[in-house]
There are 2 protein chains.
Amino acid sequence: MSLKHAIMVLLETEAGSGYDLLKRFKQRLGFFWQASHQQIYQQLKVMHQAGLIDYSVDNQQGKPDRKIYVMTEAGHKELISWLNQACKPQKINDSLLVKLYGGHLLDTAVLLEEIQAHREQHNKALSIMLEIEQQYQTLSDLERSKLALPFLTLRRGILGEKAWLAWADEVEIFLMTQN
Amino acid sequence: MSLKHAIMVLLETEAGSGYDLLKRFKQRLGFFWQASHQQIYQQLKVMHQAGLIDYSVDNQQGKPDRKIYVMTEAGHKELISWLNQACKPQKINDSLLVKLYGGHLLDTAVLLEEIQAHREQHNKALSIMLEIEQQYQTLSDLERSKLALPFLTLRRGILGEKAWLAWADEVEIFLMTQN
DNA sequence: CGTTAATATGCAATTTTTTGCATATTTTAT
DNA sequence: ATAAAATATGCAAAAAATTGCATATTAACG
């Protein structure tokens with residue numbers, strides 16, 4: 001289980017509340033790690049119980065209390081240890097491909113619609129990533145070198161999405177010449 | 001949840017035991033749907049309770065009994081209905097990218113080793129897929145048209161793996177010019 | 001001014017997945 | 001011949017993720 005470790009990677013550089021972490025997940029790891037707010041709040045609770053993180057309560061007037069989490073020494077050690085272990089192979093479960101595999105049970109038009117809907121999502125994701133890439137290129141050498149590793153994860157997203165879209169072209173060509 | 005539906009896609013064309021299904025998963029859906037034998041046996045049990053599938057016992061001498069599962073009418077309907085619904089977006093959790101994102105906490109050499117180990121896996125996967133693609137090309141028109149949709153899922157695998165490897169080149173170049 | 005949407009936090013029940021165990025046969029290697 | 005590995009089936013406990021609910025504030029819209 002590495003939601004724990006993803007949270008720690010985000011907390012390591014900066015303390016924050018559950019909601020802060022949710023936002024960081026969406027903004028920074030969104031393309032390769034998805035976590036719901038329930039998952040995050042729950043995980044923070046058990047990580048605190050396990051002594052990996054600590055929190056201080058930010059008592060805001062009127063508003064509900066915010067727990068600002070920080071890494072503990074034990075958490076840091078655990079993170080470093082995880083980073084040094086080989087990670088288990090990524091589990092892939094892609095229902096679109098299951099559907100395509102069983103597509104003979106289905107109307108070609110329905111299949112085509114589904115692919116096109118997915119294409120929109122992938123197109124959108126790609127254009128966001130390309131924009132971030134552009135912004136990165138305008139940074140100073142120093143800034144760029146600080147962000148070099150996150151930038152490489154972005155590159156993965158970009159190459160992955162381009163490959164997906166190239167595949168979708170093949171699928172659409174096939175499905176449209178099928179009637 | 002679509003393990004259920006993946007099983008049904010496999011059972012729809014041919015009845016089989018839990019182990020048969022495990023093998024089909026590995027051989028046919030392995031690149032985009034991963035399921036353990038425990039998951040499959042368990043799922044078959046609940047699907048039977050739900051009336052989606054039925055089984056006959058193949059009483060083998062000495063060997064443990066085999067339950068040969070077949071789709072029921074209700075199962076078929078459920079499958080068709082699922083196929084016609086838009087599938088929820090694929091959940092991605094890629095710990096390698098989390099690790100790379102937090103790679104500043106880590107020795108470059110360790111990171112490089114990890115990437116290279118993954119590269120081997122991806123290389124292997126790609127070469128298996130390319131071989132299957134070659135075999136497909138030698139089939140008759142009729143056979144090819146029957147397998148057209150599974151072939152498209154294979155194409156997804158091939159394009160995806162090529163993109164992964166191209167990305168790994170970028171990462172390795174960066175990491176090796178880093179010392 | 002009131003409604004709706006977005007921000008922000010969290011609990012509890014259910015579902016799903018993972019891990020660890022248990023068992024028995026057949027095939028392969030030494 | 002014997003040991004080890006692969007084949008084949010399954011249960012049960014634990015861990016993790018999902019779903020549904022609950023609440024309260026702030027911002028935006030008409």
Side-chain angles (χ1 to χ4, degrees), chain A residues 1-8 11 15-27 29 32-50 52-53 55-69 78 82 87-95 98, chain B residues 1-8 15-27 29 33-50 52-53 55-69 78 82 87-95 98:
Chain A
M1 203 280 302
S2 0
L3 170 57
K4 189 160 74 177
H5 304 109
I7 288 175
M8 286 198 279
L11 273 186
S17 70
Y19 204 79
D20 289 336
L21 284 165
L22 180 68
K23 282 186 288 183
R24 288 186 211 168
F25 266 102
K26 283 188 186 158
Q27 283 160 19
L29 315 186
F32 56 92
W33 198 280
Q34 283 145 31
S36 67
H37 77 273
Q38 291 96 331
Q39 238 182 312
I40 293 169
Y41 285 118
Q42 248 164 352
Q43 194 58 44
L44 286 169
K45 205 162 105 180
V46 311
M47 286 167 74
H48 178 251
Q49 277 159 13
L52 300 172
I53 54 177
Y55 66 81
S56 55
V57 177
D58 178 12
N59 212 310
Q60 308 175 109
Q61 69 278 38
K63 301 181 204 175
D65 295 350
R66 275 159 50 92
K67 290 175 190 161
I68 308 295
Y69 290 94
E78 162 65 27
W82 177 78
C87 55
K88 38 183 177 181
Q90 198 203 344
K91 200 191 165 190
I92 299 172
N93 293 93
D94 187 335
S95 28
V98 172
Chain B
M1 204 277 304
S2 357
L3 170 57
K4 188 160 76 177
H5 303 110
I7 289 175
M8 287 199 276
S17 70
Y19 204 79
D20 289 336
L21 285 165
L22 180 68
K23 282 186 288 184
R24 288 185 212 167
F25 265 102
K26 282 187 186 160
Q27 285 160 19
L29 315 186
W33 197 280
Q34 284 146 29
S36 67
H37 78 273
Q38 291 97 328
Q39 236 183 316
I40 292 169
Y41 285 118
Q42 250 165 350
Q43 193 59 43
L44 286 169
K45 205 163 106 179
V46 311
M47 285 167 73
H48 178 251
Q49 278 161 12
L52 299 173
I53 54 177
Y55 67 82
S56 55
V57 177
D58 177 11
N59 211 311
Q60 308 174 106
Q61 70 278 37
K63 303 180 203 175
D65 295 349
R66 274 159 48 91
K67 289 175 190 160
I68 309 294
Y69 290 94
E78 163 64 28
W82 177 76
C87 53
K88 38 183 176 180
Q90 198 204 341
K91 201 192 166 187
I92 299 172
N93 292 94
D94 188 335
S95 26
V98 173

Sequence neighbours excluded, which residues qualify as side chain to side chain contact (heavy atoms under 4.5 Å, CB included) partners of [X]?
X       : result
B/Lys26 : B/Leu22
A/Asn93 : A/Lys91, B/Trp33
A/Ala50 : A/Leu52

Of B/Leu22 and A/Trp33, the one whose closest nucleotide on DNA chain D sits nearer the 5' end is B/Leu22
* To do: Pick base, sugar-phosphate or nothing for B/Lys23, based on heavy-atom distances below 4.0 Å to the nucleic acid.
  => sugar-phosphate
Distance check needed: [N] [atom2] versus [X] [atom1], whole Å only.
X       : N      : atom1 : atom2 : value
B/Lys91 : C/dT16 : NZ    : C1'   : 11 Å
B/Gln43 : D/dC11 : CD    : P     : 14 Å
A/Leu21 : C/dG10 : CG    : P     : 12 Å
B/His48 : D/dG10 : NE2   : P     : 12 Å
B/Ile40 : D/dA8  : CD1   : C1'   : 12 Å
A/Met47 : D/dA15 : CE    : P     : 16 Å
A/Tyr41 : D/dA17 : OH    : C1'   : 17 Å
A/Gln90 : C/dT17 : CD    : P     : 16 Å

Ranking C/dG10, C/dA8, C/dT17 by distance to the side chain of A/Arg66, first place goes to C/dA8
So CE of B/Met8 and CE of B/Met47: to nearest 0.5 Å the spacing works out to 4.5 Å
| request: For the pair A/Asp20 and A/Arg66, evaluate side chain to side chain contact (heavy atoms under 4.5 Å, CB included) and give the outcome as yes or no after the intermediate values. | output: CA-CA 10 Å; A/Asp20 289 336; A/Arg66 275 159 50 92; 3.6 Å; yes
A/Gln34 meets the side-chain hydrogen bond (donor to acceptor under 3.5 Å, both in side chains) criterion, sequence neighbours left out, with none
Enumerate all atom pairs, one protein N or O and one N or O from nucleotides 19-21 of chain C, separated by less than 3.5 Å.
unit_1 : atom_1 : unit_2  : atom_2 : d
C/dG20 : O6     : B/Gln38 : NE2    : 3.3

### Task
Give a yes/no answer on whether the side chain of A/Lys67 brings an N or O atom under 4.0 Å of OP1 or OP2 in C/dG10.
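Looking at the OP1 and OP2 atoms of C/dG10, one of them is under 4.0 Å from a side-chain N or O of A/Lys67.
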ask   = Should A/Lys4 be listed as having a side-chain N or O under 4.0 Å from OP1 or OP2 of D/dA15?
value =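 Answer is no, no contact under 4.0 Å.
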What side-chain donor-acceptor pairs closer than 3.5 Å can you find for residues 35-45 of chain A, not counting sequence neighbours?
unit_1  : atom_1 : unit_2  : atom_2 : d
A/Ser36 : OG     : A/Gln39 : N      : 3.2
A/Gln39 : OE1    : A/Ser36 : N      : 3.3

